[in-house]
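Written out below as structure tokens is the structure these notes cover.
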Amino acid sequence: MTVALVNTTAATMVPGGEPYGLIEDAAIVIDGGVIVGIGPRRSMPVPSRAEVQSLQGRLVTPGLIDCHTHLVFAGDRSAEFERRLSGATYADIAAAGGGIRATVAATRAASADELLTTARLRLERLHRSGATTVEVKSGYGLDLATELRMLQVARRLGSEGAAEVVTTMLAAHVVPVEFRHDPDGYVALIVDEIIPAAVALGVVDAVDAFCEHLAFTPAQVDTIFNAAAGHGLPVKLHAAQLSADEGIDVAVAHDALSADHLEHATDAQVAAMAAAGTVAVLLPGATHTLGETARPPVEAMRRLGVPMALASDCNPGTSPVGDLALVVNLGAVLLGLTVEEALTGVTRHAAAALGLGHDRGTLEAGKRADLAVWDVDRPAEIAYWVGMGLCSAVWVAGEPTFDRHRVA
Ligand code: DI6
Ligand code: FE
């Protein structure tokens with residue numbers, strides 16, 4: 001079926017022309033789930049067989065892409081949040097048996113159905129904030145069975161419709177208690193058993209690790225990335241979130257898709273990322289939730305041309321965030337991105353961070369017809385309004401998944 005969407009302003013996010021790649025009074029022609037033509041309506045040939053639909057004057061952007069989430073998990077850490085508000089630190093809570101370990105215990109105890117039910121609700125909320133592609137990591141299992149269960153649940157979510165899911169193995173999130181005296185033994189388990197089993201089941205699209213003094217060393221990350229390469233899997237890294245080390249250098253050496261967090265990245269590391277084309281994934285939800293004062297070196301990234309993506313980091317400890325419009329706001333307000341940079345961060349650059357830049361992330365002919373439709377006149381409003389829920393319709397691969405105006 002051919003559809004032509006009209007009566008809309010399109011923020012195509014295609015670089016090089018108008019800010020936001022803006023097209024006023026646009027027509028978008030969709031065929032077979034793909035955009036086959038987009039341009040000003042007066043100069044856009046609309047095939048006579050096309051079903052013409054009005055977007056009622058609303059703004060349309062590419063479907064948003066959340067390229068870093070941990071949205072499969074069990075348990076509840078809102079009490080930790082309350083304790084932090086009254087003075088406890090993230091480290092105090094971890095030392096008292098809370099933090100990531102609490103989520104690992106709850107996730108190990110949860111069935112696939114339980115994980116699926118809670119993760120589905122989170123994915124649905126992200127989708128209703130405009131997300132059409134969502135990356136989902138494992139990393140709260142830290143044993144073979146639970147890591148695989150998390151990834152199977154993520155795959156299943158992706159097969160249910162709504163947003164498309166891309167899966168990432170993060171068995172190297174932290175060292176599980178049972179390996180606390182033998183972290184290299186755990187790395188060997190990841191390399192010898194967990195990654196190969198996930199590959200055999202077809203549930204893993206990329207491999208991630210958390211490089212930090214309280215997690216894994218650069219040398220351990222290097223070992224894990226070598227294993228990923230042996231299976232033909234791309235890699236990415238949680239790097240320089242809490243302290244500086246050589247993690248980013250390891251990521252660049254392995255041609256990582258992205259390095260994420262980066263609050264403590266050095267100038268030399270930013271330059272190395274620019275040279276390698278590594279995407280910087282910035283996660284302002286964690287900055288906000290933890291009240292962190294360190295900021296990623298946005299000015300150096302901008303100057304050297306490192307592509308900056310933004311993501312929710314949706315997780316129960318440091319970023320309980322499930323709305324990409326809020327992430328755009330936080331990227332602008334907390335990290336100092338321009339609104340155009342922030343919107344590029346959840347579209348074109350987020351697609352690049354997932355290795356999907358060839359088929360999504362902008363509105364242009366040849367890309368998937370993944371669209372978010374907004375109750376605003378100008379793109380800047382997506383960053384400006386907070387908590388307004390302004391995404392009013394989403395299309396995935398040429399099909400509307402919901403439209404609040406039409407349902408009303
Ligand atoms: N960095 C983080 O901020 C989260 N994981 C990571 O690698 C923390 C996740 C949690 O506290 O559950
Ligand atoms: Fe994360």
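Atoms within each ligand, like the ligands themselves, are counted from 1 in listed order. Both backbone and side-chain heavy atoms feed into the values below; hydrogens, waters and symmetry mates do not. Heads up: numbering here begins at 1 and tracks the sequence.
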Can you find an N/O atom of Thr318 closer than 3.5 Å to an N/O atom of ligand 1? yes
What's the shortest distance from atom 6 (C) of ligand 1 to any protein heavy atom, and which residue and atom give it? His173 NE2, 3.4 Å
Spell out, as yes or no, whether a donor-acceptor pair under 3.5 Å connects the side chain of Thr8 to the backbone of Arg58. yes
Is the closest heavy atom of Arg77 to ligand 1 under 4.0 Å? yes
Please find the pair of heavy atoms, one from Val373 and one from Val60, that lie closest to each other, and give the distance. CG2-CG2, 4.2 Å
How open is the angle at the Fe ion (ligand 2) from atom NE2 of His238 over to atom OD1 of Asp313, rounded to 10 degrees? 170°
Please tell me whether Asp113 and Ser111 have a donor and an acceptor in their side chains that are separated by less than 3.5 angstrom. no
I'd like to know: is the Fe ion (ligand 2) within the 2.8 Å range of an N/O/S atom from His70, strictly under that distance? yes
No-hydrogen, no-angle side-chain donor-acceptor test under 3.5 Å, Glu212 and Ser243: yes
Looking at Tyr20, is Arg378 sitting on its ring face, NZ or CZ under 6.0 Å from the six-membered ring centre and within 45 degrees of the normal? no
Part of Tyr140 within contact of ligand 1 (heavy atoms, under 4.0 Å): side chain
My understanding is that only one of Leu343, Val339, Leu324 makes a side chain to side chain contact (heavy atoms under 4.5 Å, CB included) with Ile382; could you say which? Leu343
Which heavy atom of the protein is the closest neighbour of atom 8 (C) of ligand 1, given with residue, atom name and distance? Tyr90 OH, 3.3 Å
Given that the side chain starts at C-beta and the backbone is N, CA, C, O, which of these parts of Gln241 lies under 4.0 Å from ligand 1, counting heavy atoms, or is it both or neither? side chain
Could you check which N/O/S atom of His68 is closest to the Fe ion (ligand 2)? NE2
